[in-house]
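Below you'll find the structure, written out as structure tokens, and then a few comments.
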There are 2 protein chains.
Amino acid sequence: MDKALLEASFKHYFDRMGYDIDWQYFTQSMQIQPIRKGEFLFQQGEKVDRLYFLHTGQVRYVSVSETGKEYTQSFAKSPRIIGSTRATIKGTKALFGIQALEDCMIISYPWHSFFNEMRQDKGFLECYCHFMEQIFILKEEKESSFVKDSAEKRYLDFCVDYPELKDKIPQQQIASYLSITPVALSRIRQRLKRI
Amino acid sequence: MDKALLEASFKHYFDRMGYDIDWQYFTQSMQIQPIRKGEFLFQQGEKVDRLYFLHTGQVRYVSVSETGKEYTQSFAKSPRIIGSTRATIKGTKALFGIQALEDCMIISYPWHSFFNEMRQDKGFLECYCHFMEQIFILKEEKESSFVKDSAEKRYLDFCVDYPELKDKIPQQQIASYLSITPVALSRIRQRLKRI
DNA sequence: AGAAGAAATTAACCCAGGTTAATTTTGAGA
DNA sequence: TCTCAAAATTAACCTGGGTTAATTTCTTCT
């Protein structure tokens, strides 16, 4: 695996946002980990203390309730930072796991030493704020659709938002993203077909 | 209205988080606005370009769907920064309005000039990141309860989280926070009473 | 290609919450 | 204190999605 290439990709991801980051701290402690389709980067309940960067591939964020039902919170496509902001920051266990939807290449850095060094860097802080803002906006938009739209509308939106996933991942996972059962999704699809 | 006092309160809010902020930029352009119970700080659809600090009082974030149904996204209690992160950052219209649940005292600064000056300040950026993290964590927790819990459970959680609001605000607003109708909430309350 | 397990569909039944509307309670202003 | 409008309750009925279970595809492995 070409370490230099991955690192360059990670830096490029920040650079293209137009922030001026001092990368001198970035030389060591990077870790490369390929994960295969279906495998988990980390499981719900694990402690997460690394910053993950999804170099290639797609993943989903999935949480499981006490009664064993799984819920897909969101999907993420490379190149992107992934992970549990909440768990990493608070140093607590993750409320969800991250599962690969296809073979992925992921690089990571130990969060705390990374952040402690990078917080010296104004460019990084701005970039980090910007990143938080982006995921926050996404959450706000998802919340609003959740309350206002029917499951059918949400399914149609999903098809528009993730055309590449629509026929690629199991319907169970789509259903769990819409927060309905596979049975209900099947009914909705049939209803739509008849029109 | 004691301007110096309000400004001190605002600074204290940041200072107590332990960040070292250079306040030299803060001298002018502060605006004080009292709003009375029931009034809106801003309405959904308005452009928001100020940073608001709720000095005293309580507010709710409320959005209205095309079909005229209102949904209370969350409540906020002073002292706190309030506003639409999304709208302020993107410079777009707010997806929700902010309404006073009681008489409030609010101070504000023009966001863009504020942020442009403050981004020079590492202490501020860290503080801002921290703030984003906090509201993000809250959103993540609310999302998870939404999917996993029944309306009854969510009502009971509400009573624990906001004991001071439970008997103070109209039930319609509580219902809209739980994302059910007032009728459904009434039924839930009755069901609980019978036990 | 065949077997076995997983995923998806279909059907039957149930229930929480929505809808509408009538009735009672609450509360703010004269 | 009385009045009138808004808020809350209650009742009757409806519907979308949950649940369970039987049946039919898809996959994948040998």
Side-chain angles (χ1 to χ4, degrees), chain A residues 36-40 60 62-72 99-103 144-159 162 165-195, chain B residues 36-40 60 62-72 99-103 144-159 162 165-195:
Chain A
R36 329 208 77 227
K37 179 174 174 174
E39 284 178 1
F40 280 80
R60 69 178 183 130
V62 51
S63 65
V64 182
S65 73
E66 308 83 57
T67 60
K69 257 157 252 168
E70 68 169 52
Y71 167 58
T72 299
Q99 185 183 32
L101 296 175
E102 61 191 20
D103 293 356
S144 126
S145 100
F146 217 98
V147 168
K148 290 178 179 167
D149 303 334
S150 67
E152 181 171 316
K153 173 75 166 27
R154 273 163 23 233
Y155 174 63
L156 292 170
D157 287 346
F158 165 82
C159 293
Y162 301 97
L165 291 180
K166 176 179 173 325
D167 296 308
K168 180 176 164 186
I169 65 176
Q171 275 184 49
Q172 302 178 77
Q173 295 183 3
I174 301 179
S176 87
Y177 175 71
L178 304 174
S179 181
I180 56 178
T181 59
V183 179
L185 176 55
S186 180
R187 274 192 297 239
I188 288 173
R189 281 160 54 86
Q190 188 186 332
R191 206 185 306 147
L192 290 173
K193 238 180 291 171
R194 268 196 278 99
I195 315 173
Chain B
R36 329 209 77 225
K37 178 174 174 174
E39 284 177 0
F40 281 81
R60 69 177 181 130
V62 52
S63 66
V64 182
S65 73
E66 309 83 57
T67 61
K69 255 156 253 168
E70 68 169 51
Y71 167 59
T72 299
Q99 185 184 31
L101 296 175
E102 61 191 21
D103 293 355
S144 129
S145 100
F146 218 97
V147 168
K148 290 178 177 165
D149 303 333
S150 68
E152 182 172 317
K153 173 77 165 27
R154 280 172 5 241
Y155 175 63
L156 292 170
D157 286 346
F158 165 82
C159 294
Y162 301 98
L165 292 180
K166 177 181 172 322
D167 296 308
K168 180 177 166 186
I169 65 176
Q171 275 183 50
Q172 303 177 76
Q173 295 182 3
I174 301 179
S176 86
Y177 175 71
L178 304 174
S179 183
I180 56 179
T181 59
V183 179
L185 177 56
S186 180
R187 274 191 295 238
I188 288 172
R189 282 160 54 86
Q190 188 186 331
R191 205 185 307 148
L192 290 172
K193 236 180 292 170
R194 270 195 277 99
I195 315 174

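Numbers restart at 1 for each chain; the letters A, B, ... are given by sequence-line order, proteins then strands.
- Atom CD1 of A:Ile169 is separated from atom C1' of C:dA8 by 15 Å (rounded to the nearest Å).
- One finds no side-chain N or O of B:Gln190 lying less than 4.0 angstrom from the OP1 or OP2 phosphate oxygen of D:dT9.
- Between the side chains of A:Arg189 and A:Tyr155, at least one donor N or O sits under 3.5 Å from an acceptor N or O.
- The shortest distance between side-chain heavy atoms of A:Val147 and B:Phe146 falls below 4.5 Å.
- Between the C1' atom of C:dA6 and the CD atom of A:Gln173 lies a distance of 13 Å, rounded to the nearest Å.
- For A:Ile188, whose side chain is taken as the heavy atoms from C-beta onward, the closest listed nucleotide among C:dT10, D:dG17, D:dT10 is D:dG17.
- Residue A:Arg187 places its side chain closer to C:dA12 than to any other of C:dT9, C:dA12, D:dA11.
- Using a cutoff of 4.0 Å between basic side-chain nitrogens and carboxylate oxygens, A:Arg187 and A:Glu152 are not scored as salt-bridged.
- By the 4.5 Å heavy-atom criterion applied to side chains, A:Arg154 and A:Ser145 are counted as neighbours.
- In this structure, A:Leu185 and B:Ala151 both approach DNA chain C, and ranking their closest nucleotides by distance from the 5' end singles out A:Leu185.
- With respect to the salt-bridge test (charged N to carboxylate O, under 4.0 angstrom), the residues B:Asp103 and B:Arg36 qualify.
- With rounding to whole Å, B:Asp167 atom CG is found 19 Å from C:dT25 atom P.
- Regarding A:Asp149, its CG atom lies at a distance of 15 Å from the C1' atom of D:dG16, rounded to whole Å.
- Atom NZ of B:Lys153 and atom C1' of C:dA16 are 17 Å apart (whole Å).
- Evaluation of atom-type donor-acceptor distances gives no pair under 3.5 Å for the side chain of A:Arg191 against the base of D:dG16.
- Counting to the nearest Å, the P atom of C:dG27 and the NZ atom of B:Lys37 are 10 Å from each other.
- OP1 or OP2 of C:dA7 sits under 4.0 Å from a side-chain N or O of A:Gln172.
- Distance from the side chain of B:Ala184 is smallest for C:dG18 among the nucleotides D:dG17, D:dT9, C:dG18.
- Across the protein-nucleic acid pair, A:Leu192 atom CG and D:dG16 atom C1' stand 14 Å apart, rounded to whole Å.
- Here B:Thr181 does not reach the OP1 or OP2 of C:dG17: none of its side-chain N or O atoms lies under 4.0 Å away.
- Here the C1' atom of nucleotide C:dG27 and the CD atom of B:Gln171 are 15 Å apart, to the nearest Å.
- Backbone-only engagement by B:Arg189 is indicated by non-hydrogen atom pairs under 4.0 Å involving sugar-phosphate atoms exclusively.
- Nucleic acid contact class of B:Pro182 (heavy atoms, under 4.0 Å, all strands): none.
- Residue B:Lys69 has a polar side-chain atom (N or O) positioned under 4.0 Å from OP1 or OP2 of C:dT19.
- When the nucleotides D:dA7, C:dA7, D:dT10 are ranked by their closest atom to the side chain of B:Pro170, D:dA7 comes out on top.
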